[in-house]
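The figures that follow rest on heavy atoms only: side chains count, while hydrogens, waters and symmetry mates do not. For ligands, and for the atoms within them, numbers begin at 1 and follow the listed sequence.
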Amino acid sequence: MDYHTLLARLGEGSAHPGGFQATTALIGQIGFPRGAKVLEAGCGTGRTACYLASLGCDVTAIDRNKDMIQKATHRAKLSGLPVRIVQADASSLPFPDETFDAVFTESVTAFTQGSTAIREYWRVLKPKGVLYDRELAFAVKLTAAQKKKLQAFYGLQHMRTVPEWLELLSKSRFDHYSASPFMQIKQPANDNDPLRVIDHELFAKPDAVAMMMKNERLMSSFSTVMGSIVITAWKA
Ligand SMILES: C[S@@+](CC[C@H](N)C(=O)[O-])C[C@H]1O[C@@H](n2cnc3c(N)ncnc32)[C@H](O)[C@@H]1O
């Protein structure tokens, strides 16, 4: 089982730094108008996609992982919200050019071949469209051994400092972009997700329990250097 399948089976609703509180705060700041066509890339179990739909956005959500797609579809059905959910790779989006007003993504691009996903986000945005991307970022450059550890467990493809994220954006076709300051990871204590569906049999599987424990250990050993940023990038 890979890390994202573990998250899916745990029904994790906000698998990114700051949790759902950070998501709702960011969406509040953005203030999407009703009817805005928003693509959520890497929607996980669909909590954010449903929240955006509840605000009146016209939401399409994609994820590569089939267990995530299943959970997201279930959540949308339970919520009675119209979210278009498609299994797809962020590096090869099955949508025509200039489809969306905004691309919203949290903790996903770091798991992709970064430049390809960024190119795809740009391609599917309409002119004047905006990318909002909350990403894992590191306070210092990691050593090759540290990167290997995180790559092996989480499947992270790149582990960038803030300047390295900005360098990636500088090579993209986005007209202009900015990044928030580096924030250390603080998960809110109370992140109650009423529609979370946990596959409880997971807790009887020694390999799954070992993965959960390894996750805790890694998060704790990288806690001083691992954090996040929010990238905003505008298409001309
Ligand atoms: C850390 S989780 C974040 C999920 C969700 N954005 C959230 O914040 O709860 C990363 C998600 O990205 C998805 N993912 C990873 N690589 C992807 C890719 N290349 N294309 C689409 N989805 C991808 C995973 O399946 C997983 O659902």
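Close approach to S14 involves these atoms of ligand 1, each under 4.0 Å from a residue heavy atom: 9 (O). Taking a cut-off of under 4.0 Å to the non-hydrogen atoms of G13, the atoms of ligand 1 that pass are 9 (O). Taking every non-hydrogen atom of T112 and a distance limit under 4.0 Å, the qualifying atoms of ligand 1 come out as 18 (C), 19 (N). Taking every non-hydrogen atom of F111 and a distance limit under 4.0 Å, the qualifying atoms of ligand 1 come out as 1 (C), 15 (C), 16 (N).
Between F32 and Y132, the distance from one ring center to the other falls under 6.0 angstrom.
Residue contacts with ligand 1 for A88 involve N, CA, C or O but no side-chain atom from C-beta outward (heavy atoms, distance under 4.0 Å).
Protein heavy atom at the shortest distance from atom 22 (N) of ligand 1 is R64 N, 3.2 Å. At the shortest separation from atom 14 (N) of ligand 1 among protein heavy atoms lies V108 CG1, 4.1 Å. For atom 19 (N) of ligand 1, the nearest protein heavy atom (residue, atom name, distance) is D89 OD1, 2.9 Å. The protein heavy atom nearest to atom 10 (C) of ligand 1 is S107 O, 3.2 Å. Nearest to atom 20 (N) of ligand 1 among the protein's heavy atoms is A90 N, 2.8 Å.
A salt bridge between E12 and R47 is absent, with no side-chain N of the basic residue lying under 4.0 Å from a carboxylate O of the acidic one. A salt bridge links D193 with R75: the distance from a Lys NZ or Arg NE/NH1/NH2 to an Asp or Glu carboxylate oxygen falls below 4.0 Å. We find that D191 and R196 are not joined by a salt bridge, their nearest charged nitrogen and carboxylate oxygen being 4.0 Å or further apart. One finds no salt bridge joining E167 and R160 here, because no Lys/Arg side-chain nitrogen approaches an Asp/Glu carboxylate oxygen to under 4.0 Å.
Between H16 and ligand 1, a contact under 3.5 Å exists for at least one N or O pair. Backbone and side-chain nitrogen or oxygen atoms of E106 are examined, and one is located within less than 3.5 angstrom of a nitrogen or oxygen of ligand 1.
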Go through the steps for K126 and D101 under the test salt bridge (Lys or Arg N to Asp or Glu O under 4.0 Å), then give the verdict. CA-CA 6 Å; K126 295 178 186 172; D101 298 301; 3.2 Å; yes

Is there a side-chain contact (heavy atoms from CB on, under 4.5 Å) between L125 and F174 once you walk through the steps? CA-CA 10 Å; L125 279 170; F174 279 98; 3.6 Å; yes

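Heavy-atom distances between G155 and ligand 1 stay at or above 4.0 Å for every pair.
Listed by chain and number, the residues in a ring pair (Phe, Tyr, Trp, His ring centres under 6.0 Å) with Y121 amount to none (sequence neighbours excluded).
The heavy atom nearest to atom 5 (C) of ligand 1, considering only S91, A61, G42, is found in G42. Between G44, S92, A15, it is A15 that holds the heavy atom closest to atom 9 (O) of ligand 1. Closest heavy-atom approach to atom 25 (O) of ligand 1 within the set L136, L156, D63: this belongs to D63.
Residues S91 and Q113 bring no donor and acceptor atom of their side chains to less than 3.5 Å of each other.
Rounded to the nearest 0.5 Å, atoms CH2 (W165) and OG1 (T109) are 5.5 Å apart.
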